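Below is one structure, written out as structure tokens; the observations come after it.
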Amino acid sequence: MSITTERRSVILVVEDEASYQDALNVGLSVEGFDVLGATSIAEARLLVAARNPDLILLDVMLPDGSGVDFCRELRDTSLTPVIMVSARDSELDVVLGLEIGAADYVTKPFRLRELTARIRAVLRRPPTTVNDELIAFGALELDLSRRTVTKNERAIELSRKEFDLLVLLATHLGQVVTREVCLDTLWWGLELADSRTLDTHVKRLRQKLEDDPGLPRHLLTIRGVGFRLDP
Ligand code: CA
């Protein structure tokens, strides 16, 4: 008989609404996480220092300040990924427009299943030191924290998914990223998308990034495997 003990990831939930705090505490514990709770930024600051959580779920509106400011503070002091939780889509739009270095965003009300899938996807990502990281190659420049892309210094409009896909490929520049990893990262492993949807996103990205989308130089399909972004 063998017993394997796997280390449980520690999630710090920074949330002042008791109903969400309770639901997340129970729900995430059931999903196999160790959950720490903080109802204010001051409390969160102490827990980050004392317990070094693996991931922080951070509400935008907190009694002693803004989650946005706290996220910025964390990016200067810690590598722990942050998922921002906003109460409204309009609030999310504001947060998305700022460069705060969050790993992902969710809007209340969210489904526990979607949230845990996103948490797992973020935890699987290789650690970064991103605050204002730039990835530049050819005529393209990606600003990860501003979520902007320019080609020959002209801004290119990308959808959220297109940007996420580009970042995934750009952070593995010159390496093949499998279709499975793309689907998992973009749709958090949920069966919302099939391979064809992924191909549609790749096609749109090519149309926006490549000089000749029919003869791509950067965004290459590796048949039967996945995609590779070449510098
Ligand atoms: Ca709140």
Side-chain angles (χ1 to χ4, degrees), residues 8-125 127-128 130-132 144-147 159-161 163-164 167 185-190 192:
R8 288 161 67 102
S9 295
V10 178
I11 312 290
L12 171 59
V13 177
V14 189
E15 171 63 72
D16 58 317
E17 275 175 69
S19 58
Y20 271 96
Q21 183 68 259
D22 293 346
L24 287 171
N25 198 344
V26 173
L28 293 176
S29 301
V30 169
E31 291 290 331
F33 299 106
D34 282 342
V35 184
L36 302 170
T39 56
S40 67
I41 290 171
E43 211 180 322
R45 213 176 263 133
L46 292 175
L47 282 168
V48 169
R51 302 285 302 275
N52 190 25
D54 296 295
L55 185 142
I56 301 169
L57 268 185
L58 180 56
D59 189 31
V60 170
M61 299 284 282
L62 289 157
D64 57 346
S66 150
V68 168
D69 293 336
F70 184 51
C71 184
R72 282 205 186 99
E73 176 187 322
L74 285 166
R75 288 290 61 88
D76 291 337
T77 55
S78 133
L79 293 179
T80 308
V82 174
I83 297 180
M84 296 298 301
V85 180
S86 71
R88 300 180 302 277
D89 279 329
S90 57
E91 199 177 88
L92 179 66
D93 288 341
V94 172
V95 173
L96 279 173
L98 304 170
E99 12 170 344
I100 63 171
D104 205 351
Y105 304 85
V106 290
T107 307
K108 292 175 187 172
F110 45 77
R111 299 166 75 117
L112 184 67
R113 183 159 173 258
E114 182 189 332
L115 180 67
T116 47
R118 289 206 195 191
I119 288 174
R120 293 211 168 92
V122 169
L123 288 172
R124 271 197 302 269
R125 288 183 201 167
T128 58
V130 176
N131 187 8
D132 43 11
L144 298 189
S145 58
R146 288 172 186 270
R147 295 182 67 86
S159 72
R160 186 172 165 180
K161 290 270 186 255
F163 185 85
D164 289 346
V167 169
T185 305
L186 266 69
W187 287 276
W188 322 297
L190 304 181
L192 299 175

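Predicted model, so just to flag it, every value in this text is computed and none were measured. In what follows, every heavy atom counts, from backbone to side chain, and hydrogens, waters and symmetry copies are set aside. First listed ligand is number 1; within each ligand, the first listed atom is number 1.
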What pairs of residues pass the side chain to side chain donor-acceptor pair (under 3.5 Å) test when at least one of them lies in residues 33-43, not counting sequence neighbours? Arg8-Asp34, Thr39-Glu43
Kindly state whether the ring of Tyr105 and the ring of Phe110 have centres lying under 6.0 angstrom apart. no
When you compare the side chain of Val85 with that of Leu115, does any pair of heavy atoms fall below 4.5 Å? no
Leu57 CG to Leu36 CG distance, which is reported to the nearest 0.5 Å: 11.5 Å
Answer whether the closest heavy-atom distance between the side chains of Met84 and Phe70 falls below 4.5 Å. no
Between Gln21 and Ala38, is there a donor-acceptor pair closer than 3.5 Å when you use the side chain of the first and the backbone of the second? yes
Metal environment of the Ca ion (ligand 1), protein N/O/S under 3.0 Å: Asp16 OD1, Asp59 OD2, Met61 O
